[in-house]
Protein chains: 2
Amino acid sequence: MTALNGFKDLALRKKTDVDAPAHNLGRPATINDIARLSGVSKKTVSRIINNSPLVRKDTREKVEALMREVGYAPDPLARGLAFRRSFLIGMVYDNPTAQYVVDMQNGALDALRGSSFELVVHPCDTRSPGYIEGVKRFVQQQKLHGVILVPRASEDQALADMLDEIGCRFTRIAALPLDDTSQMVITHDRDGAAEAADYLLSLGHRDIALITGPTAYRSAHERTAGFIEALQNRGIELPPARIIEAGYTFESGVAAAEKLLLGKQRPTAIFTGNDEMAAGVYKVAMRAGINIPRELSVVGYDDSPLASRLWPSLTSVRRNTRDTGRTAAAMLIQPEGKSALPLASVRPHLVVRDSCQPPQD
Amino acid sequence: MTALNGFKDLALRKKTDVDAPAHNLGRPATINDIARLSGVSKKTVSRIINNSPLVRKDTREKVEALMREVGYAPDPLARGLAFRRSFLIGMVYDNPTAQYVVDMQNGALDALRGSSFELVVHPCDTRSPGYIEGVKRFVQQQKLHGVILVPRASEDQALADMLDEIGCRFTRIAALPLDDTSQMVITHDRDGAAEAADYLLSLGHRDIALITGPTAYRSAHERTAGFIEALQNRGIELPPARIIEAGYTFESGVAAAEKLLLGKQRPTAIFTGNDEMAAGVYKVAMRAGINIPRELSVVGYDDSPLASRLWPSLTSVRRNTRDTGRTAAAMLIQPEGKSALPLASVRPHLVVRDSCQPPQD
DNA sequence: CTGAAAGCGCTTACAG
DNA sequence: CTGAAAGCGCTTACAG
């Protein structure tokens with residue numbers, strides 16, 4: 001019986017080294033060590049670990065001092081077993097852009113730093129039929145404390161429903177609010193695209209084209225809507241031929257740009273739904289000898305590293321992905337009742353570089 | 001007392017539904033359920049979970065069938081607590097290249113898929129003094145099963161020593177063997193760079209320049225050595241002015257390229273230690289009106305997405321990072337004694353695109 | 001080849 | 001505000 005042993009040890013200690021607090025146990029301290037050495041019960045130590053208010057202030061301070069002294073940290077495995085919930089936050093994503101994924105991870109880790117939580121990653125393929133089962137196994141088996149859903153996985157209602165059903169809390173990251181019940185971080189892609197439109201308008205462009213991502217994606221839909229709306233607000237209506245839906249990939253950007261640039265009447269500016277597709281526009285323009293920015297202005301979305309690597313460097317909408325990840329993780333590890341804000345916002349903004357100029361005529 | 005309850009339940013079941021094996025317990029099954037329902041002891045179930053040979057074949061098959069039927073999966077938290085070791089693999093890295101990090105993670109996850117292990121990520125800053133303490137806390141607190149060390153963190157002997165000291169197993173990924181004791185995956189950067197050199201030689205280039213990464217990095221050192229060696233093998237000695245040490249970053253590539261390209265006598269070809277710096281060469285060449293590949297051939301290293309996004313697309317050495325990650329993780333979760341290969345190899349190879357031509361004269 | 005007891009380091013539910 | 005008992009779901013060490 002652990003507890004009894006604890007008390008026997010305490011008795012021994014009292015005789016020998018109660019005045020010499022060199023608590024050196026040659027192994028990681030446990031809650032029993034802390035209880036024994038500070039003369040309180042395990043349960044009181046547990047209350048202190050879990051920030052219960054039901055502990056006298058001086059008791060708390062005494063015990064916390066001892067914890068620091070011996071370098072005590074509670075075992076997440078043992079806590080997890082007792083809580084029936086681990087100290088692991090899962091990140092579920094289906095996104096091909098490495099920088100976006102890494103930024104999101106780093107943001108989440110920012111929020112987890114100093115807490116007892118760690119981040120476990122789960123890329124998946126939302127087009128494969130079994131992927132929801134895969135996430136379910138991941139969540140249930142590891143008894144995850146919570147999950148961060150990254151676009152486009154965050155947009156799959158079936159995934160969210162499954163998580164609700166098994167009682168797993170989660171935070172969704174999305175371009176706009178998807179429902180009223182789940183926690184969300186909203187990235188306001190509509191505003192970012194509008195800023196891009198306003199910028200091109202302010203330079204004097206009027207014949208503008210748009211290469212969108214797959215509009216089944218919320219992000220693509222919002223960026224498209226935001227861009228078109230902003231133009232309309234200034235009295236400019238985009239003709240259908242100036243809007244091309246592509247696939248968020250470099251290759252699809254190349255194909256879209258060929259339609260736009262190799263015809264007789266080309267636009268003076270192009271806004272693309274992400275930087276990958278903007279790189280496709282660059283390739284076509286380069287090959288065709290169209291000078292960016294003199295003959296063609298280009299604005300991307302993401303502000304990925306690619307934006308500054310391209311030449312001329314690409315003006316692009318920055319998404320503040322790291323902040324998004326940090327916010328999402330922070331919502332998840334917040335103590336239960338405590339101001340559980342269901343919604344948070346991260347706002348994009350335009351980063352101006354060298355890829356735009358007033359149109360020549 | 002769980003065990004006693006277990007036996008009581010078994011008795012009840014025997015009367016009622018022993019012939020109707022619809023084992024539906026409205027909660028995740030535990031080892032006790034499996035033991036009770038299959039009429040063996042907990043310990044025997046445990047042996048089966050842990051692949052012990054000390055189980056009769058028909059016992060094993062009977063129990064495994066039941067496990068499948070009720071969808072039993074052992075709780076990693078409980079196993080971890082008893083084992084004093086979790087089912088978590090850590091990945092420790094200090095690398096700015098997002099694609100490299102993501103490829104490495106995905107590779108590791110390939111190897112962990114279907115196992116009981118999950119991947120928990122730990123980016124760090126090897127230049128900050130406290131980072132080794134940070135890794136130590138990470139490993140000890142989570143009782144990690146093992147850790148994958150990614151360059152450049154993998155090259156820090158102090159980090160490896162700390163892990164040895166606390167008894168944490170780890171796999172290092174490195175350009176060449178660093179010691180004889182730890183498990184390693186060798187990426188043979190020397191060979192990759194040699195292949196780049198041979199390719200440029202085969203095109204007829206003789207006045208070649210080299211932009212290296214920080215040679216304190218093993219990867220940069222090996223790539224540099226491999227490139228220079230391959231040239232020497234063909235009787236070509238690189239003059240010191242043709243070798244510039246840069247920092248693996250885009251900006252440092254720009255600065256190095258300016259030295260090489262804006263002088264009077266420029267080389268006909270440049271090999272860069274990574275793709276980022278090659279993008280820097282592109283920028284300087286573009287700005288100065290130097291045509292790639294007609295007037296200048298460029299070869300990079302990494303075969304990152306950037307390589308195909310640049311125009312003209314960049315010939316580059318592919319590293320097979322995903323294989324590297326998979327191999328590293330596989331070594332870590334291999335059953336203890338079982339053929340614990342200390343060394344594994346992943347070989348790079350050149351991917352030819354549009355950035356090279358024979359020199360004009 | 002199989003099993004009953006004790007334990008891993010915590011928390012919950014109950015009692016005071 | 002504090003504590004003794006029981007339990008979370010597994011494994012280890014010992015015994016047979």
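Note on naming: letters A, B, ... go to the chains in the order of the sequence lines (proteins, then strands), and numbering restarts at 1 for each one. The shown structure was predicted, so the numbers you read here are calculated from the model rather than taken from an experiment. All values below were derived from every heavy atom in this structure, side-chain atoms included, with hydrogens, water molecules and symmetry-related copies excluded.
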Check every atom of C/dC1, D/dC10, C/dC10 against the side chain of B/L54 and return the nucleotide holding the closest atom.
-> C/dC1
Please state how far atom CG in B/D58 lies from atom P in C/dT2, giving the value in whole angstrom units.
-> 8 Å
Please check the phosphate of C/dT2 (OP1 and OP2 only) for any side-chain N or O of B/T59 closer than 4.0 Å.
-> yes
Kindly say if A/S41 contacts the phosphate of D/dT2, meaning a side-chain N or O under 4.0 Å from OP1 or OP2.
-> no
Let me know the distance between CD1 of A/I48 and C1' of C/dC10, rounded to the nearest Å.
-> 15 Å
Classify the side-chain pair A/D156/A/Y131 by whether it contains a donor and acceptor separated by less than 3.5 Å.
-> yes
Quick one: label B/P28 by what it contacts on the DNA or RNA (base, sugar-phosphate, nothing), any heavy atom closer than 4.0 Å.
-> nothing
Rounded to the nearest Å, what distance is computed from the CG atom of residue A/N32 to the P atom of nucleotide C/dG7?
-> 12 Å
Taking CD from B/Q142 and P from C/dC10, how many angstroms apart are they, rounded to a whole number?
-> 13 Å
Starting at atom CG of A/L77, determine the distance to atom P of D/dC10, rounded to an integer number of angstrom.
-> 13 Å
Closest to the A/V40 side chain, choosing from D/dC1, C/dG9, D/dG3 | D/dG3
Would you call the rings of B/H122 and B/F138 parallel, tilted or perpendicular, where under 30° means parallel and over 60° means perpendicular?
-> parallel
Could you tell me the separation between the CZ atom of B/R36 and the P atom of D/dC10, rounded to a whole number of Å?
-> 13 Å
With a non-hydrogen cut-off below 4.0 angstrom, is B/Y72 in contact with a base, only sugar-phosphate, or nothing?
-> sugar-phosphate
Please tell me which of the listed nucleotides, D/dC1, D/dC10, D/dC8, lies nearest to the side chain of B/P74?
-> D/dC10
Would you indicate whether the side-chain heavy atoms of A/M104 and A/V101 approach each other to under 4.5 Å?
-> no
Which is it for B/R322 and B/D103 under the salt bridge (Lys or Arg N to Asp or Glu O under 4.0 Å) test, yes or no, and what are the steps along the way?
-> CA-CA 5 Å; B/R322 188 159 180 160; B/D103 284 345; 6.0 Å; no
Just to confirm, is there a sub-4.0 Å distance from OP1 or OP2 of C/dG9 to any side-chain nitrogen or oxygen of A/T30?
-> no
Is there a side-chain polar atom (N or O) of A/T44 under 4.0 Å from OP1 or OP2 of D/dT2?
-> no
For D/dA13, the nucleotide meeting Watson-Crick or G-U wobble distances (both under 3.5 Å) is none
Nearest-Å distance, CE (A/M67) to P (C/dG9)?
-> 15 Å
Minimum heavy-atom distance between B/A35 and B/K42, given as atom pair plus value = CB-N, 3.7 Å
Rounded off to whole Å, could you give me the NZ-to-P distance for the A/K62 and D/dT2 pair?
-> 9 Å
List, with names and distances, any nitrogen or oxygen atoms from the protein found under 3.5 Å away from nitrogen or oxygen atoms belonging to nucleotides 11-14 of chain C.
unit_1, atom_1, unit_2, atom_2, d
C/dT11, OP1, A/N50, OD1, 3.3
C/dT11, OP1, A/N50, ND2, 2.6
C/dT11, OP1, A/R79, NE, 3.2
C/dT11, OP2, A/S46, OG, 2.4

Distance-only polar pair, side chains of B/Q141 and A/E118, donor-acceptor under 3.5 Å | no
Is it true that the side chains of B/N50 and B/R79 contain a donor and an acceptor less than 3.5 Å apart?
-> yes
Okay, side chain of B/D75, backbone of B/L77: is any donor-acceptor separation there less than 3.5 Å?
-> yes
C/dA4 pairs with, by Watson-Crick or G-U criteria that keep both distances under 3.5 Å | none
